[in-house]
Every structure is written in structure tokens, then in C-alpha cells.
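As C-alpha cells, the structure follows; a few thoughts come after it.
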2 protein chains.
Amino acid sequence: MARRGSLSATPAPSLRIGEVARRTGLPVKTIRFYCDEGLLQPKGRSAAGYRLFDEENLAELTIIRALRTMDVSIAELVRILEVRRAGVCNCSVLKGSMAAKVESINLRIVELAAMKDELSRLLDSWQDCGGAKVQD
Amino acid sequence: MARRGSLSATPAPSLRIGEVARRTGLPVKTIRFYCDEGLLQPKGRSAAGYRLFDEENLAELTIIRALRTMDVSIAELVRILEVRRAGVCNCSVLKGSMAAKVESINLRIVELAAMKDELSRLLDSWQDCGGAKVQD
DNA sequence: AAAAACTCTCCACCCAGTCGGTGCTTTCCA
DNA sequence: TGGAAAGCACCGACTGGGTGGAGAGTTTTT
């Protein structure tokens, strides 16, 4: 009832790249890069050729940012977002991706812990330097 | 008592790059790359020009591997290993590095957790798809 | 109108490796 | 002893995920 036709809600916000950058916290260059990679698709261009974005693009950037933080590759993100754009529900795809990444993150944490320990042992084995003392 | 002079113990193991790779689990190419970067310094070269490594190099690779896992840059590692090679005790330097890195890792974990949550919220907001339903 | 801020494209560069090619050296095995 | 196979060297190019700068056009502010 609320929304009838395309008259009332969100007519065409048309954010420019700088505004998107400001809102997402991502550098302008990075957003441009994402567009080049087909990851982000601006709704259009202004007469002068400026990229124009909308709220949906912002939502996509949220996903992108989150998954990139989790080291999902650009290529994989392209696939995920394509599915999403096709109107297909990709909850499960995304959930799968997330689960996999969370798993790999946990693995990485274990790895880091192991390396931390290894370093600690190494450090201990050098303790014979006394702690003070330095020169050759 | 055991070791008198340089006769008895470890005369000159002189490992070649392949053996080092086998022992450390690092690819040969990576070890070569580390040498090129001045990170790892083979004890010498064979007549034919083959890089020759010793146990000390293996120890260094352990440090390198551990710190690289923790995202310490090559440049920083060069500095750390230079100090170490100079015979100066660098326990404190290394400990500082480690502390800093552990800190940044913890930060990263927090960041990851936040992104995980953000994604979860996003996923939840898509639940309206019902969960089933997909095709084209 | 002038200046500042913003945007565009294009090209080069960063890091930490990784790959492939070509040619020499060493090792294995019949 | 000889020849294949494996190992090693060097070189240059490529990767991914951006980042930086130049030079030109556009929009906004003063």
C-alpha cells in the first residue's frame, strides 16, 4: 500500500563516487577499482561521465567490504554478487562462503598461535644472552 | 668436552636449496626469493654456483616463517635478521615485534568478528526468500 | 570570473611470491 | 662409462588487490 509505482520512494539518489566513499569509508580509488573489476555496477553515468550510485550499491559495498575483510577473493565476490543481482536468493551460497571463511579464519588463528609459540620458544632459547648485554 | 676445535662437530653440512626446502616446507623458489631480498644469506656457493646453506640458515628460516605468518614485512625481517647477525642480542627487538604483531592479530580478529556479525545480520534480512526457492 | 574541489582515464608501482624458459651440474642406474 | 633424470641457476614476466600520480574535464564555492 505504501509504495505505489515509482513515484514516492527513493526517486534516484544518484550518489557520486566521493559521497559513496565518505559513506562506506572506502577510498575513492578502491571503489573505482571495484567498478573496473565488475564487482560494483554504478546505476549509470552523468552527462559528464561521472559514475552514479544508489542505495543498492551501498548495500553491495557492505557485503563486499565484509567478505573482503574475510579474504574472499574479488573473483568469488563477482560470482556471489552476480547471483544476487540475478534476483536469485543466495542466502545459502553466502552462508556457504561465510562458513568456509570462518573456518579458514579459525585455521589461521590456530596457525598464528602455533607461530607465536614457536617464536616464544625461540626467544627463550636465546635467553642465555642474559637479557642485558648486547655488543658482539 | 665434546667439541674441541672444528674437527669433530658439524664440519660443514652445506645443504643445497632443495634440501632446505624439504626441511622447512618452503618452496625452493621462495627460498631463492628470500636470498635475493637479502633476507637469507647462504654460507657460500659451490664451485658450480649452487647456494650452500647451514643449520643457522635453517634457524633463520624458522624465524622468517613464523614472522611472515604474522605478516611481518620482508623489509622489517631484513632489519631484524641484520641485528641478529651482527651478534647483537635482539630478544627485545623480536619481543617488541611479536608483541606488536600479536596486538594487530587480535585487532584483526575483532575486525573479523565484526564483519561476521555484519554479514549475519545481512543474511537475516534476506530471510524473506523463505529459504527454499531458487532456480533462475 | 576565478579558485577550489571533484571526477574522469590511463599508466606505473607496490609486495610477496609464482611461473616458465633455457642452460649448466650432479646423481642415478644399466 | 654414458646417458637420462633430477636439481640448480638466472632472467623476465605475471599475479592480486590495490595505491599513486599526471593531465584534462566538470562542478561547486567564493
Side-chain angles (χ1 to χ4, degrees), chain A residues 13-54 57 60-61 63-81 101 104 108 111-112 115, chain B residues 13-54 57 60-61 63-81 101 104 108 111-112 115:
Chain A
S14 275
L15 310 164
R16 288 191 316 196
I17 203 165
E19 178 65 9
V20 173
R22 211 184 49 70
R23 289 227 230 165
T24 60
L26 291 168
V28 167
K29 288 251 172 182
T30 299
I31 297 171
R32 216 129 48 192
F33 172 72
Y34 287 162
C35 292
D36 292 350
E37 298 297 302
L39 200 48
L40 189 64
Q41 298 175 347
K43 285 303 144 176
R45 295 273 182 149
S46 76
Y50 287 16
R51 290 171 185 84
L52 298 177
F53 302 87
D54 63 3
N57 290 135
E60 287 181 343
L61 275 176
I63 300 174
I64 292 168
R65 204 160 56 84
L67 290 183
R68 283 293 307 133
T69 299
M70 303 170 99
D71 284 325
V72 174
S73 74
I74 301 273
E76 193 166 348
L77 271 170
V78 168
R79 283 194 296 279
I80 291 174
L81 292 176
K101 292 311 156 186
S104 81
R108 167 111 178 111
E111 190 186 37
L112 287 171
M115 287 303 138
Chain B
S14 276
L15 311 165
R16 289 189 315 194
I17 203 167
E19 179 65 10
V20 174
R22 212 185 49 70
R23 289 227 231 165
T24 59
L26 290 168
V28 167
K29 292 245 172 181
T30 299
I31 297 171
R32 216 128 50 191
F33 171 72
Y34 287 163
C35 292
D36 292 351
E37 298 298 302
L39 198 48
L40 189 63
Q41 297 176 347
K43 284 305 144 175
R45 296 273 181 145
S46 76
Y50 288 16
R51 289 172 183 83
L52 299 176
F53 302 87
D54 64 3
N57 289 135
E60 286 182 343
L61 274 176
I63 300 173
I64 292 168
R65 205 159 56 83
L67 290 183
R68 282 295 304 133
T69 299
M70 302 171 99
D71 285 325
V72 175
S73 75
I74 302 272
E76 192 167 348
L77 271 169
V78 168
R79 284 194 295 279
I80 290 174
L81 291 176
K101 291 312 155 183
S104 80
R108 167 109 177 111
E111 190 186 37
L112 287 171
M115 288 303 140

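Letters go in sequence order (proteins before strands), and every chain restarts at 1.
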Which heavy atom of A/Met115 sits nearest to which heavy atom of B/Ala66, and what is that distance?
SD-CA, 3.4 Å

Tell me, which pairs form a salt bridge (charged side-chain N to carboxylate O under 4.0 Å, His left out) where one or both residues lie in residues 64-80 of chain B, sequence neighbours left out?
A/Arg108-B/Asp71

Please report the interatomic distance CD(A/Glu60) to CD1(A/Ile80), rounded to the nearest 0.5 Å.
12.0 Å

Is the shortest side-chain heavy-atom distance between B/Arg51 and B/Arg16 below 4.5 Å?
no

A/Leu26 to A/Ala21 - nearest heavy-atom pair and separation:
O-CB, 3.2 Å

Can you confirm whether A/Leu61 sits close enough to A/Ile64 that some side-chain heavy atom of one is under 4.5 Å from a side-chain heavy atom of the other?
yes

Tell me, which pairs form a salt bridge (charged side-chain N to carboxylate O under 4.0 Å, His left out) where one or both residues lie in residues 18-28 of chain B, sequence neighbours left out?
B/Glu19-B/Arg22, B/Glu19-B/Arg23, B/Arg23-B/Glu55

Can you confirm whether A/Tyr50 sits close enough to A/Ser14 that some side-chain heavy atom of one is under 4.5 Å from a side-chain heavy atom of the other?
no

Exercise: identify the closest heavy-atom pair between A/Leu15 and A/Val20
CB-CG2, 3.9 Å

Minimal non-hydrogen separation, A/Leu39 against A/Leu77, with atom names:
CD1-CB, 3.5 Å

Please classify the nucleic acid contact of A/Arg45 as base, sugar-phosphate, or nothing, using heavy-atom distances under 4.0 Å.
sugar-phosphate

Can you measure B/Phe33 atom CZ to C/dC14 atom P for me and round it to whole angstrom units?
13 Å

Let me know the distance between CG of B/Leu39 and C1' of C/dC15, rounded to the nearest Å.
13 Å

Side chain proximity check, B/Ile74 to B/Tyr34, heavy atoms < 4.5 angstrom:
yes

Check every nucleotide of DNA chain D for an atom under 4.0 Å from a heavy-atom of chain A, then give the first and the last such nucleotide from 5' to 3'.
D/dG17 to D/dT27

Return a single string for nucleotides 19-26 of chain C, one symbol per nucleotide in 5' to 3' order, where B is base contact, S is sugar-phosphate-only contact and - is none, cutoff 4.0 angstrom on heavy atoms.
BB----BS

Rounded distance (nearest 0.5 Å) linking atom CG of B/Leu40 with atom CG of B/Asn57:
5.0 Å

Over how many whole Å does the gap from A/Asp36 atom CG to C/dT7 atom P extend?
15 Å

Where along residues 67-77 of chain B does a heavy atom come under 4.0 Å from DNA chain C, residue by residue in number order?
B/Arg68, B/Ser73, B/Ile74

Note, DNA chain D 5' to 3' with Watson-Crick or G-U pairs under 3.5 Å encoded as ( ), [ ], | and . gives ||||||||||||||||||||||||||||||

5' precedence on DNA chain D between A/Thr30 and B/Arg51 (nearest-nucleotide basis):
B/Arg51

Can you tell me the distance, in whole Å, between the CZ atom of A/Arg32 and the P atom of C/dC11?
15 Å

Please give me the minimum heavy-atom distance between A/Arg45 and A/Leu52, naming the atom from each residue.
C-CD1, 3.7 Å

